[in-house]
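What follows is a single structure, written as structure tokens, with notes after it.
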Amino acid sequence: MEFVHTEQNTLTPLSCDCFGRCKPSELLRFAQAAAEAHCRELGADWETMAAKNYFWAVIRQKMEITRLPQAGETITVKTWPMPTTRVAYPRATEGFDAAGNSLFKIISIWVIMDVHSRTMVLPGKSGVEVAGTSFGTELKAPGGLPAGTFQTQTLRKVTPEDLDRNGHMNNARYLDWLWDLRSREYHKTHPLKSVTICYMSEALEGQQLQLSYTEGDVLRLDGSLTETDVCTGHTRIFSAQAVF
């Protein structure tokens, strides 16, 4: 068994923005694809987990970007599981350019969910063992983001394009939504430096989320589902913080 899984991706125009730079959400997709391929090697792929009525889900994710690669570049993505905690399976990912320079680092906190109850299953009760390692170069696991009331608000509905095979909004799509809150002209001179996303609940097709966020180069965002029950008010689906 290889502790580190490596694969290469050549950036096509579809992976890039209107300035020819890789979309930040594509980096998350590369990391997710590499993690899925590694899980297949480790015997913990989607099909194997589904047979046990489980699926993998990300509950927190942090990415730091040194440089957004350009269209036509080939990037090497390396990913490895870190030591399992009492509640989760952390995974580190790093991307490199052709010269071996680090482009980005990601740490994702993965958990096992029960398909039917949609509740988390602790590693000690899941029967799923993933051997982990640490090289000392990984990002520190992100903490939670407190709820906030931010001045600017908009609404956005979850569409079929947002969904993954688990039937809920894919983790990379949250970053696409965040990205859309800034204009083309802003992105031209303000490349993303880092982002932290905390996923509190599933976002499902047809649900309308209220996005409440800040202006400026540090964007704080809360995505909430408006409940019809006035006693519960708003339920946070996710929170994010991005630095441009």
Side-chain angles (χ1 to χ4, degrees), residues 1-12 15-16 21-50 54-69 73-85 87-113 120 123 126 128-143 164-166 168-176 192-199 240:
M1 179 191 70
E2 293 291 336
F3 278 115
V4 179
H5 173 83
T6 302
E7 53 185 58
Q8 292 186 323
N9 297 273
T10 299
L11 295 180
T12 68
S15 297
C16 298
R21 303 179 306 215
C22 183
K23 298 174 185 176
S25 60
E26 282 296 290
L27 302 180
L28 293 185
R29 292 185 178 93
F30 292 152
Q32 181 174 316
E36 289 176 351
H38 200 195
C39 284
R40 198 171 301 115
E41 296 172 1
L42 300 174
D45 55 279
W46 189 91
E47 290 78 10
T48 301
M49 298 292 282
Y54 294 155
F55 66 91
W56 290 109
V58 178
I59 58 171
R60 289 181 187 173
Q61 198 160 37
K62 181 176 183 179
M63 175 168 62
E64 292 186 355
I65 301 171
T66 304
R67 178 177 71 85
L68 287 170
E73 282 193 67
T74 297
I75 65 174
T76 299
V77 177
K78 296 186 177 183
T79 184
W80 59 97
M82 297 176 67
T84 301
T85 70
V87 298
Y89 301 80
R91 175 172 283 272
T93 305
E94 188 166 4
F96 302 87
D97 64 16
N101 301 307
S102 180
L103 295 169
F104 63 91
K105 289 184 177 183
I106 300 172
I107 184 165
S108 303
I109 310 302
W110 293 78
V111 297
I112 293 175
M113 302 291 290
M120 191 170 69
S126 69
V128 177
E129 296 183 6
V130 178
T133 189
S134 178
F135 298 102
T137 60
E138 299 88 355
L139 297 180
K140 183 179 178 181
D164 60 23
R165 69 191 302 184
N166 292 319
H168 58 211
M169 187 162 158
N170 181 266
N171 63 293
R173 288 295 293 161
Y174 291 86
L175 184 48
D176 285 323
L192 183 66
K193 296 179 180 178
S194 68
V195 62
T196 298
I197 308 176
C198 299
Y199 311 91

Item to check | Beyond-backbone contact of Pro81 with Tyr89, side-chain heavy atoms, under 4.5 angstrom | outcome: no
Checklist entry - How far apart are the closest heavy atoms of Trp80 and Phe3, and which atoms are they? => result CB-O, 3.1 Å
Checklist entry - Do you know which two heavy atoms are closest between Pro83 and Thr133, and how far apart they sit? => result CD-O, 3.6 Å
Checklist entry - Would a 4.5 Å heavy-atom cut-off, applied to side chains only, mark Leu192 and Ile65 as touching? => result yes
Checklist entry - Can you name the nearest heavy-atom pair linking Ala37 to His5, along with the distance? => result CB-NE2, 3.6 Å
Item to check | Worked verdict on Arg165 versus Glu47 for salt bridge (charged side-chain N to carboxylate O under 4.0 Å, His left out) | outcome: CA-CA 11 Å; Arg165 69 191 302 184; Glu47 290 78 10; 3.4 Å; yes
Next on the checklist: Would you call the rings of Trp56 and Trp110 parallel, tilted or perpendicular, taking 30° and 60° as the class edges?
Outcome noted: perpendicular
Item to check | Value rounded to 0.5 Å, distance of CZ in Arg21 from SG in Cys16 | outcome: 10.0 Å
Item to check | Shortest non-hydrogen contact between Ile197 and Ala240, atoms and distance | outcome: CG1-CB, 4.2 Å
Checklist entry - Any luck finding a side-chain donor-acceptor pair between Thr10 and Thr74 under 3.5 Å? => result yes
Checklist entry - Does the side chain of Ile106 come within less than 4.5 Å of Arg91's, by heavy atoms? => result no
Next on the checklist: Salt bridge check, Arg29 against Asp164: does any charged N sit closer than 4.0 Å to a carboxylate O?
Outcome noted: no
Item to check | Any side-chain donor near an acceptor of the partner, Gln32 and Asn170, under 3.5 Å | outcome: yes
Checklist entry - Do Thr66 and Lys105 touch side chain to side chain, with heavy atoms closer than 4.5 Å? => result no
Checklist entry - Is it the case that more than 12 heavy atoms not belonging to Glu7 sit under 6.0 Å from its CD atom? => result yes
Item to check | Side-chain heavy-atom pair Tyr174, Met169 within 4.5 angstrom cut-off | outcome: yes
Checklist entry - Can you tell me if Tyr199 and Gln61 form a side-chain donor-acceptor pair at under 3.5 Å? => result yes
Item to check | Minimum heavy-atom distance Pro24-Met63, with the two atoms named | outcome: O-CE, 3.7 Å
Checklist entry - Are the ring centres of Phe55 and His168 closer than 6.0 Å? => result yes
Item to check | Test side-chain contact (heavy atoms from CB on, under 4.5 Å) applied to Phe135 and Val4, step by step | outcome: CA-CA 11 Å; Phe135 298 102; Val4 179; 3.8 Å; yes
Checklist entry - Would you say the side chain of Glu138 lies within less than 4.5 Å of the side chain of Met82, judging by non-hydrogen atoms? => result yes
Item to check | Atom of Ala88, atom of Val111 and distance for their closest heavy-atom approach | outcome: CB-CG1, 3.9 Å
Item to check | Test item: Thr6 and Thr76 side chains (from C-beta on) under 4.5 Å apart, heavy atoms | outcome: yes
Next on the checklist: I'd like to check Asn166 versus Trp46 (side-chain heavy atoms, cut-off strictly below 4.5 Å). Are they in contact?
Outcome noted: yes
Next on the checklist: Rounded to the nearest 0.5 Å, what separates atom CD in Glu73 from atom CG in Leu103?
Outcome noted: 6.5 Å
Next on the checklist: Quick one about Ser194 and Glu64 (side-chain donor to acceptor, distance below 3.5 Å, no hydrogens or angles considered), yes or no?
Outcome noted: no
Next on the checklist: Between Asp97 and Ile75, does the side-chain contact (heavy atoms from CB on, under 4.5 Å) criterion hold? Intermediate values first, please.
Outcome noted: CA-CA 5 Å; Asp97 64 16; Ile75 65 174; 5.5 Å; no
